[in-house]
Every structure is written in C-alpha cells, then in structure tokens.
K.L.:
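Dumping the structure here so I can ask a few things about it.
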Amino acid sequence: MICMSCGIIVYNKWIFHTLEFAFPITLTAWHLAFATVCTQLMARTTSVLDTRKDSPMTPSLYCRTILPISGLVVLSMVCGNAVYLYLTVSFIQMLKAATPVVVLLASWAFGLREVNYCALFNIIIIAFGVVIASFGETSFNLVGILLQVGGIVSEALKLVLVQKLLTPNKNKKMDALVLLYYYAPSCAAMIAGLAFVIEGPRLTLQHVFHVGWPVFLSNAILAFLMNVIVVVAIDKTSGLAVTLSGIVKMVLLIISSMVIFGDSISPVQIIGSVISIIALIIYQFDLTTNSLQKWRNRERTDIPVWYNEKEEKLPKRHQRQTNGLPQFND
C-alpha cells in the first residue's frame, strides 16, 4: 500500500511536469471514469459487489448521501492534483500532516467523537509543526497553499460523511467498495463538466498524444488499484498499521522528491516536519490504544456470568453433572 500510494503521487507529478500535461482536472476525470467502468464491470461479472443488494439506493437517498460525498471527492481530488503544479512534493506532504487535525475537529462537529482535550493539545502541536515547515518553504506559493487547504478540508469532511454512511444501521452496513460503485459515476460526471469548462479550451489532442495512451491507461489502473487496496487495508489490518503506513509514506515521499525531482528542504522545514510527525505518531498511538481498550471492555461484557476468569474453570454450582452426580476436577 505504501509503495502504491507513493507511486501514484510521483507518477502524477511526472505527468504534470516532465510530460508537461498541466491538466490535473482532466486527469482526475479520467481516473474516475476508469473507476466507474471497473466497478460497473465488477458488479456485472463478479460477486464482489453483491452486498449492494442489501442496501437499496433510492433517488432521494442518493441525493442526501452520495451526492454530497461525490462533491467533496471531486473537490479533494481536484485540489490534491492541482497543488502539484504549484508546490513541491515534499512541502505538500508536510502540509498533509495537518489532516488529522481537521478530521478530528470535523468528527467533533458532527458528533462522531467526544471532545478530548489531550487530543486537542496533541493536534495543536501537529499544527504548530506544519506552520514551522511552511515558514521554512523556499518556494512559497499562496495559490498552492490555498489548494492544499481546500484539499485537506474537503478530504476531512468526506471521511466524516463516509464514516457516518458506513456506520451499521439496523444491522446493515454498506461496503466500502459498494460506496465507490455508487459515487464514482456522479464524481466522474461532475469533474468531467468542470474539466470541460476550465481546461477544455486549452486542451488539445496534441497534449493527449504527447503523453500517450499507455501512460494514461497505466496511471488510471494504478489509481484504481490504490482505491481498492486502501479499502482492503482498512478492513484487514489494524488502525495502527494503516495510520503508521501513512507516516512512513510521508517520510518516503519527502526523501523521494529530493532524489527524483531535486526538491530542496530547509533546516526549518526539517524541524517542523519532525515535530509534526512525532506528535502525529503519539496522537495515532493514543487513539488506537483507546480504541483497543474500548474493544476489550466490550468483549468483557460478552463473557458469560458463570465464567471464572482467575481459575479459568466453572464454579461448582455450574459443573456438568453425569448420572445425577456432579463431576469435580482436581
């Protein structure tokens, strides 16, 4: 997952700068159109998306749940791709350290989490490190900063709305891949219209032929596989593993951007990034520890009342009887 995520980011950066395809909205529309085709084919040829039949989607429900998520996905992807035209990969990863801050604040606002002042102090430290890293940026660009802020906020709101939608309701839970199946078409339509208006007048067939269909196809396949892998990783691994992989990805991208693209990093940026990463690790570790503790407490409440945890055997009054006589263990 780490290699796939780093690969798609570096790949997009290479397309935008090396191949001079400065059309991030068009590229994002292509990604979503490809995801739409793939999910439709999966629904018709495999049983992976059969769980969608357990959650019927009515037009009114689609407008209330899927369309807002689609709009945030479009905004997040457009800002996330366009920012690479203005900022370096390393600086973008430093700014992304503030994402847990926005996610936590949004979770508090939507009532998905209880306010925790220790967590608040921790995210303030994360934000402080991001501010230090921003002041140390040699190629500061206001448009790029605003795009990154828009991407972070829209991504945080999208995660919160997705969490509310995926929360079990009446013993039913929508699968994450089914959610992708539902919102990919609307996202593709929205962003295609946006690309036509903003980038359409400048885009020519010469730009497309210069990049070539093998690059576009491989890039779309990589982006789609990344979405699938993230879903599988969340379902199959612990929250700690996923969050720590994000931190590892951040470090790897900063190093790779220095090696591949020659991005320069100032000492002030290094200090700010170290502060943010350490605070982020502490925050995620504390968050995962609390979640595990709640899970263990819930498991304890499911233990039968006759179970003796210390002796790991049944009390005498519950021992099995044979031929009318109780059987005692030594």
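In this text, all values refer to a predicted model and were calculated from it rather than measured experimentally.
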K.L.:
Decide yes or no for L75 and E155: does some side-chain heavy atom of the first lie under 4.5 Å from some side-chain heavy atom of the second?
P.N.:
no
K.L.:
Within the side chain of E199, is there an N or O that forms a donor-acceptor pair under 3.5 Å with the backbone of I25?
P.N.:
yes
K.L.:
Could you measure the distance from the CZ atom of F196 to the CG atom of L203? Nearest 0.5 Å is fine.
P.N.:
11.0 Å
K.L.:
Just wondering, do Y86 and I145 contact through their side chains at under 4.5 Å, heavy atoms?
P.N.:
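In short, these two side chains do not touch, never coming nearer than 4.5 Å.
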K.L.:
Can you see which heavy atom on L32 is nearest to which on C187, and at what distance?
P.N.:
CD1-CB, 3.6 Å
K.L.:
Does L19 offer a backbone N or O that forms a donor-acceptor pair with the side chain of W14 under 3.5 Å?
P.N.:
no
K.L.:
Is it true that Y11 and S218 share a donor-acceptor pair across their side chains at a distance under 3.5 Å?
P.N.:
yes
K.L.:
So which atom in C79 and which in G150 form the shortest heavy-atom distance, rounded to 0.1 Å?
P.N.:
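So the two residues come closest at SG-C, 4.2 Å.
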K.L.:
Checking the side chain of T58 only, and the main-chain atoms of L61 only, is there a donor and an acceptor separated by less than 3.5 Å?
P.N.:
yes
K.L.:
First locate atom OG1 of T18, then atom CD1 of I15, and finally report the distance between them rounded to the nearest 0.5 Å.
P.N.:
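With rounding to 0.5 Å, OG1 (T18) is 9.5 Å from CD1 (I15).
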K.L.:
Going by heavy atoms in the side chains, are M190 and S70 under 4.5 Å from each other?
P.N.:
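Yes, at least one pair of side-chain atoms sits under 4.5 Å.
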K.L.:
When you compare the side chain of P185 with that of Q40, does any pair of heavy atoms fall below 4.5 Å?
P.N.:
yes
K.L.:
Do H207 and T204 have side-chain N/O donor and acceptor atoms under 3.5 Å apart?
P.N.:
yes
K.L.:
Could you check F34 against L217 for side chain to side chain contact (heavy atoms under 4.5 Å, CB included), going step by step and ending with a plain yes or no?
P.N.:
CA-CA 9 Å; F34 187 83; L217 182 60; 3.9 Å; yes
K.L.:
Go through the steps for I8 and N219 under the test side chain to side chain contact (heavy atoms under 4.5 Å, CB included), then give the verdict.
P.N.:
CA-CA 7 Å; I8 189 65; N219 185 254; 3.7 Å; yes
K.L.:
Check for a donor-acceptor pair, side chain of S76 on one end and backbone N or O of L72 on the other, with a separation under 3.5 Å.
P.N.:
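No: the side chain of S76 does not pair with the backbone of L72.
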K.L.:
Can you give me the closest heavy-atom contact between K13 and L87, atom names plus distance?
P.N.:
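Nearest heavy atoms, K13 then L87: NZ-O, 3.4 Å.
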K.L.:
Got T36 and Y181 here, is their nearest side-chain heavy-atom distance under 4.5 Å?
P.N.:
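With C-beta onward as the side chain, the pair stays apart.
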K.L.:
Passes side chain to side chain contact (heavy atoms under 4.5 Å, CB included), F224 versus V37? Steps please.
P.N.:
CA-CA 11 Å; F224 177 72; V37 173; over 6 Å; no
K.L.:
From I198 CD1 over to I191 CD1, what is the distance, rounded to the nearest 0.5 angstrom?
P.N.:
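Atom-to-atom, I198:CD1 and I191:CD1 are 9.5 Å apart.
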K.L.:
Counting only heavy atoms not in F121, do more than 12 sit closer than 6.0 Å to its CZ atom?
P.N.:
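Result for CZ/F121: open.
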K.L.:
With rounding to the nearest 0.5 Å, note down the distance linking CG in L177 to SG in C38.
P.N.:
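The CG atom of L177 sits 11.5 Å away from the SG atom of C38.
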K.L.:
Would you call S186 and L67 a side-chain contact if the rule is heavy atoms closer than 4.5 Å?
P.N.:
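The answer is yes, as the side chains (C-beta and beyond) meet within the 4.5 Å cut-off.
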K.L.:
Following the transitive rule for hydrophobic clusters with a side-chain heavy-atom cut-off under 4.5 Å over Ile, Leu, Val, Met, Phe, Trp and Tyr, establish whether W213 and F21 coincide in one cluster.
P.N.:
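Same cluster: W213 reaches F21 through Ile, Leu, Val, Met, Phe, Trp or Tyr contacts under 4.5 Å.
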K.L.:
For A188 and A33, which heavy atoms make the closest approach, and how far apart are they?
P.N.:
CB-N, 3.9 Å
K.L.:
What are the two closest heavy atoms between L27 and N12, and how far apart are they?
P.N.:
CD2-OD1, 3.8 Å
K.L.:
Show, in sequence, the C-alpha distance, side-chain angles and deciding distance for Y183 and Y62, and conclude whether the ring-ring contact (aromatic ring centres under 6.0 Å, His included) test is met.
P.N.:
CA-CA 9 Å; Y183 74 67; Y62 191 90; 9.9 Å; no
K.L.:
Test T39 against Y182 for side chain to side chain donor-acceptor pair (under 3.5 Å), laying out the working first.
P.N.:
CA-CA 9 Å; T39 52; Y182 280 130; over 6 Å; no
